[in-house]
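Reviewing the structure listed below.
Throughout, a chain's letter reflects where its sequence line sits, starting with A, and its residues are numbered from 1.
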Protein chains: 2
Amino acid sequence: MTEPVVAPGRARGGRRDEILATFTRHVAERGYDRANFGDVATELGMSKGTIVHHFGTKDRMLAEVQERYMRRRLEEAHVLLSRLTAPEQRIAAFVHAGVRYSTEEPATTVAFQREVVRLTDEPGMETARAQRDAYRDLVVAVLRDGEADGVFVPGDARLRSLQMFGSLHWMWTWFDPAGRLPAQDVAAEFCRTLLRGLGVGEVAVAAAADPDGPVARCVAEVCAPRG
Amino acid sequence: MTEPVVAPGRARGGRRDEILATFTRHVAERGYDRANFGDVATELGMSKGTIVHHFGTKDRMLAEVQERYMRRRLEEAHVLLSRLTAPEQRIAAFVHAGVRYSTEEPATTVAFQREVVRLTDEPGMETARAQRDAYRDLVVAVLRDGEADGVFVPGDARLRSLQMFGSLHWMWTWFDPAGRLPAQDVAAEFCRTLLRGLGVGEVAVAAAADPDGPVARCVAEVCAPRG
DNA sequence: CTACTCTGCCCGTACGTGCGGTCAGTTCAC
DNA sequence: GTGAACTGACCGCACGTACGGGCAGAGTAG
């Protein structure tokens, strides 16, 4: 019925990635519970058994999606922190990067954001959870440093990080990567409101939020697709 | 095995609300897809058939949960807007109310927030979607008014409302109503960062964010449990 | 080169289970 | 009687996954 694109046995370890990508897209579109092996297999013209062969269980597959996503995010974050030093630029970079990902890799991003809650309780998600926590700790540290330096007004850094991540993680429910609204505009507006809210002066806010400014350019370089 | 609390046929029209409350809690804990009639029925010591008798389908049940939730939120919102007139107080009120709900009615709130995405596509959710949109429109209008009055610095009101709702709606993934952190503290910190980010002066920010201030008191009165 | 074995990728099928929803029938209030 | 509340048995299906086998290519002995 469905002819395989590649001759069987011919693919050099390649099917695995295809499966993961398709599965990721289905999770993004329908959520984990409604995503199923049958549909993924049909779409790729293969058998359900193949998926099981490569990944074992559905849980493991989701865990791998989450871990891959967070690994890249963490790598980016460290590079960004090494290139930018001012606290307000660092925070702006996290925001720009967070928004940017929604357009660069919408499927992976949405799949991750929809199913983050599974990181907290589900077993087998320890690695991904640790990665997520490490990422948030980076942001909290920047907030604390900025506070110590007098760049940010005093406040609860942890709550502020959650407020910030909330805005970004919620994007999957309303943002359309193919829509009219450019992601840059979202990033700029989010940056402005957030940085001003942290007590950063208007000049620094404008520079850090600018889609064509140094921070956004730095993020664009670091977060190039297929890093 | 499980003895019914009330003799069958004896309940005076009351079981329906019990069912909805239990279902809501299950949705909050596990998500809609994993919540099922069997567990709800067992917990209430009744048959699955009873649930079907009252609600028809699972979809309808979720729709009713969403509609009830949004109806109360909208009623509150209108009262709050009638009692508070300053834009920064109105925005602060929305934040205080949003956070407050997480502790007053955690199950309903989480159930709603987890499954908001179904409002966008799923059929049968038109009413709830309209309510949600109406609610957001109220906030957008306040943001625009405040901008026109010069209380808020110019910016994209729609994006700002989404930034704000993101922070609040994401709470279900990390906030524990029974935990150490008081909801008031969250509301206060969120208010401060947001209002400052909108360009409100420090004095007005402090007053509007204060958990014991006039705005928070007004919200506490309006959003009393079992309104 | 030939013949063989081994191995990893992949297929198709079948099984078990869990769940949403149906239905005929009973009980009880009015 | 009438109708609403409720029951318990049952259906059909969707889905995760276990299993047995097929097939191509690499390695290896002769």
Side-chain angles (χ1 to χ4, degrees), chain A residues 1-27 29-65 115 118 122-125, chain B residues 1-27 29-65 115 118 122-125:
Chain A
M1 175 168 275
T2 49
E3 80 275 37
V5 181
V6 185
R10 180 65 197 73
R12 6 112 263 201
R15 292 291 227 178
R16 216 189 114 98
D17 286 351
E18 267 181 280
I19 295 170
L20 204 62
T22 305
F23 176 72
T24 302
R25 211 185 60 248
H26 284 215
V27 170
E29 287 166 3
R30 315 176 200 173
Y32 175 77
D33 288 321
R34 288 203 169 8
N36 61 298
F37 287 180
D39 290 347
V40 173
T42 304
E43 190 176 316
L44 292 172
M46 65 175 60
S47 157
K48 282 200 290 181
T50 306
I51 300 179
V52 176
H53 166 74
H54 281 293
F55 296 94
T57 68
K58 204 181 165 188
D59 309 337
R60 299 278 296 268
M61 231 169 137
L62 181 65
E64 192 161 331
V65 171
E115 306 298 339
R118 296 183 197 273
E122 231 98 326
M125 293 287 190
Chain B
M1 178 169 274
T2 48
E3 80 273 42
V5 181
V6 184
R10 180 65 197 74
R12 5 114 255 215
R15 292 289 226 177
R16 214 188 117 98
D17 285 352
E18 269 182 279
I19 296 170
L20 204 61
T22 304
F23 175 72
T24 302
R25 212 185 59 248
H26 284 217
V27 171
E29 287 165 3
R30 314 175 201 172
Y32 175 76
D33 287 322
R34 286 193 160 26
N36 61 304
F37 288 177
D39 290 348
V40 172
T42 305
E43 190 176 315
L44 292 172
M46 64 175 60
S47 154
K48 278 202 296 180
T50 306
I51 300 180
V52 176
H53 167 72
H54 281 293
F55 295 94
T57 69
K58 206 182 164 189
D59 310 336
R60 299 277 296 267
M61 232 168 137
L62 181 65
E64 192 161 332
V65 170
E115 306 297 340
R118 295 184 198 274
E122 230 97 329
M125 292 287 191

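Rounded to a whole Å, the CD1 atom of Ile51(A) is 11 Å from the P atom of dC10(C). Arg15(A) has its CZ atom 15 Å from the C1' atom of dA24(D), to the nearest Å. Put simply, CZ on Arg30(A) is 13 Å from P on dA14(D), counting in whole angstrom units. Between His53(A) atom NE2 and dG16(D) atom P there is a gap of 19 Å when expressed in whole angstrom units. Atom pair Phe55(B):CZ and dA5(D):C1' shows a separation of 13 Å (rounding to whole Å applied). Put simply, NZ on Lys58(B) is 11 Å from C1' on dG18(C), counting in whole angstrom units. Going from atom CD1 of Ile19(A) over to atom P of dC10(C) covers 7 Å, rounded to whole Å. Straight-line distance from the CG atom of Asp59(B) to the P atom of dC19(C): 16 Å, rounded to whole Å.
Heavy-atom nearest nucleotides on DNA chain D were determined for Asp39(A) and for Gly49(A), and the one closer to the 5' end corresponds to Asp39(A). In terms of position along DNA chain C, the nucleotide closest to His54(A) lies nearer the 5' end than the nucleotide closest to the other residue of the pair Asn36(B) and His54(A).
Regarding contacts with the backbone of dC11(C), a side-chain N or O of Thr50(A) is found under 4.0 angstrom from either OP1 or OP2.
The backbone N or O of Met125(A) lies less than 3.5 Å from no partner atom in the side chain of Arg118(A), so there is not a single donor-acceptor pair. A donor-acceptor pair is defined here as one N or O able to donate and one able to accept, closer than 3.5 Å; no such pair exists between the side chain of Glu115(B) and the backbone of Leu62(B).
Using a 4.0 Å heavy-atom cutoff across all strands shown, Phe37(A) reaches at least one base atom of the nucleic acid. Residue Ala41(A) is classed as having no contact, given no heavy-atom separation below 4.0 Å to the nucleic acid.
Atom CE of residue Met46(A) and atom CD1 of residue Ile19(A) lie 4.0 Å apart, to the nearest 0.5 angstrom.
Taking only distance into account, the side chain of Lys48(B) never meets the base of dT7(D) through a donor-acceptor pair shorter than 3.5 Å.
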